[in-house]
Amino acid sequence: MTDNTWQPTASLAALRQRAALLADIRQFFARRQVLEVEVPILSRRATSDPHIDSITALCNGDPAYLATSPEFGLKRLLAAGLGDCYYLGKAFREGEAGGRHNPEFTMLEWYRCGWDDRKLMGEVGELLSLVLDIQVVQSLSYRELFLRELQLDPHTASEADLRACVAREIELSFAPSDRDECLDLLMSHRLEPAMGGGITLLYDFPASQAALAKVAEDATGTPVARRFEAYVNGLELANGYWELTDPAEQLRRFQADHRYRGAHKLHVYPFEERLVEALQSGMPECAGVALGVDRLLMLAGGYSSIDQVIAFPIERA
């Protein structure tokens, strides 16, 4: 007797829509002369991001890691002089499961040489408008969103004020550990649902959330992370940076991530020192963005769960 778990969770119509979407994405970049490339998805190095965990594998008896993103490989190609390029393929993250997540997923990531985050935001908006047939695109800063919805400046508010706002706006069974967790909770529970319809491009995040983006002063003189996120109907689709090119700062951030992971009893992975070497050789000024293709397909096809757009999610893989 069978329980039919051999069958795909996605309909055949959804799988055909996936094929059409991938073709549309490739045509979008072909028209712009952005080169498709492949980079390793199995590496001796892993992410250092405190909020992302790598999936560990064995390769010739030694630990290796499935790529959480193609970022490090793409940046090494940029430093080698390849120019504008993109990756469209698989990425992997430990612990990612749910209605919007699967440990194995499809990622689109691309880089534009000589661009900053503002210019790349425009291209992200063009791609999303084309695929989703949505013409309403709003751009606003992280500060503007907080002020509009919560009457709170996220860059200058004290941690006590942020904690009070969380307590007032969100019902939680735990206390946030620091100001960034307060901001993240307010964003995910309160602000994302308030973004409304259409495409929202949110930029100038707190400097403490820079990850691999440059930090620069905004018009008020406040240091901000030159990064952006793209949302459609409150669903996060893309995360982009005006990319960090300073090798010393890159190394400092890798080391800070390691200290954070160690202090919070998280697994400490070997970080990609070859990226630091690539930056030392001279990676060009550029902007890059990563976009979740499965979520994009969910929106394009009107699907409510990621299982409806993946043939075999982890439960059936």
Side-chain angles (χ1 to χ4, degrees), residues 47-52 67-79 84-87 91 93 107-125 139-146 154-155 178-181 183-184 187-188 191 200-231 236-261 271-273 275-276 278-280 282-292:
T47 183
S48 67
D49 191 314
H51 307 295
I52 299 175
T68 59
S69 117
E71 180 172 9
F72 296 158
L74 290 171
K75 286 182 173 179
R76 289 165 65 187
L77 290 176
L78 290 171
D84 295 345
C85 57
Y86 76 96
Y87 169 91
R93 296 185 181 180
M107 177 178 283
L108 166 65
E109 186 161 331
W110 77 95
Y111 290 82
R112 289 296 217 154
C113 296
W115 289 24
D116 64 8
D117 52 324
R118 302 293 196 269
K119 189 169 183 179
L120 186 56
M121 280 170 56
E123 188 166 65
V124 171
S139 297
L140 72 162
S141 72
Y142 193 91
R143 172 187 278 123
E144 288 170 335
L145 180 62
F146 269 79
H155 301 296
D178 55 30
R179 64 178 295 115
D180 274 328
E181 186 171 8
L183 293 171
D184 288 343
M187 179 61 69
S188 60
L191 299 180
T200 299
L201 299 169
L202 192 68
Y203 62 91
D204 283 358
F205 279 64
S208 57
Q209 300 179 19
L212 301 187
K214 291 180 183 292
V215 173
E217 290 186 353
D218 67 7
T220 71
T222 302
V224 295
R226 290 293 299 269
R227 51 173 289 220
F228 67 91
E229 292 183 356
Y231 295 83
E236 181 191 346
L237 283 181
N239 185 10
Y241 303 152
W242 187 13
E243 299 294 343
L244 182 66
T245 55
D246 181 340
E249 176 62 13
Q250 180 65 77
L251 179 59
R252 188 197 68 77
R253 292 190 194 180
F254 277 155
Q255 292 170 337
D257 286 346
H258 267 210
R259 288 194 297 272
Y260 181 97
R261 294 188 72 96
F271 68 80
E272 184 52 278
E273 76 281 354
L275 175 59
V276 178
L279 297 184
Q280 289 172 338
M283 190 178 84
E285 290 288 329
C286 61
V289 61
L291 186 151

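Side-chain atoms of Arg227 never come within 3.5 Å of backbone atoms of Ala210 as a donor-acceptor pair (strictly under, hydrogens ignored).
Between the CG atom of Leu145 and the CG atom of Leu191 there is a distance of 4.5 Å, given to the nearest 0.5 Å. Atom CZ of Arg118 and atom OG of Ser139 lie 9.5 Å apart (nearest 0.5 Å). Here Gln250 contributes atom CD and Leu279 contributes atom CG; the two are 5.5 Å apart, rounded to the nearest 0.5 Å. In this structure, His51 NE2 and Arg261 CZ are separated by 9.5 Å, a value rounded to the nearest 0.5 Å. Interatomic distance, CZ of Arg226 versus OH of Tyr203, reported as 9.5 Å (0.5 Å rounding).
A salt bridge between Glu123 and Lys119 is absent, with no side-chain N of the basic residue lying under 4.0 Å from a carboxylate O of the acidic one. By the 4.0 Å N-to-carboxylate-O rule, Glu285 lies close enough to Lys214 to be salt-bridged with it.
Phe146 and Met187 get closest at one heavy-atom pair: CE1-CE, 3.9 Å. When every heavy atom of Ala211 is checked against every heavy atom of Tyr241, the shortest pair comes out as CB-OH, 3.2 Å. Minimum heavy-atom separation, Ala230 to Val124: CB-CG1, 4.0 Å. Ala91 and Thr68 make their closest contact through CB-O, 3.7 Å (heavy atoms, listed as atom of the first residue, atom of the second, distance). Listed here is the closest heavy atom pair of Phe228 and Val289: CZ-CG2, 4.0 Å.
A salt bridge (charged side-chain N to carboxylate O under 4.0 Å, His left out) with Arg76 is found for exactly one of Glu273, Glu272, Glu71, namely Glu272.
Two residues are said to be in side-chain contact when any heavy atoms from C-beta on lie closer than 4.5 Å; Phe254 and Val276 meet this criterion. Using a 4.5 Å cut-off on side-chain heavy atoms (C-beta onward), Asp84 and Trp115 make no contact. Proximity of Asp218 to Ser141: side-chain heavy atoms (C-beta onward) are nowhere separated by under 4.5 Å. Contact of the Leu78 side chain with the Cys113 side chain is registered, since non-hydrogen atoms from C-beta on lie closer than 4.5 Å. In this structure, Arg253 and Leu244 have side chains that are in contact, with non-hydrogen atoms separated by less than 4.5 Å.
Between Tyr142 and Phe205, the ring-plane angle classifies as tilted under the 30° and 60° cut-offs.
A donor atom on one side chain and an acceptor atom on the other are not found under 3.5 Å apart for Arg179 and Ser208.
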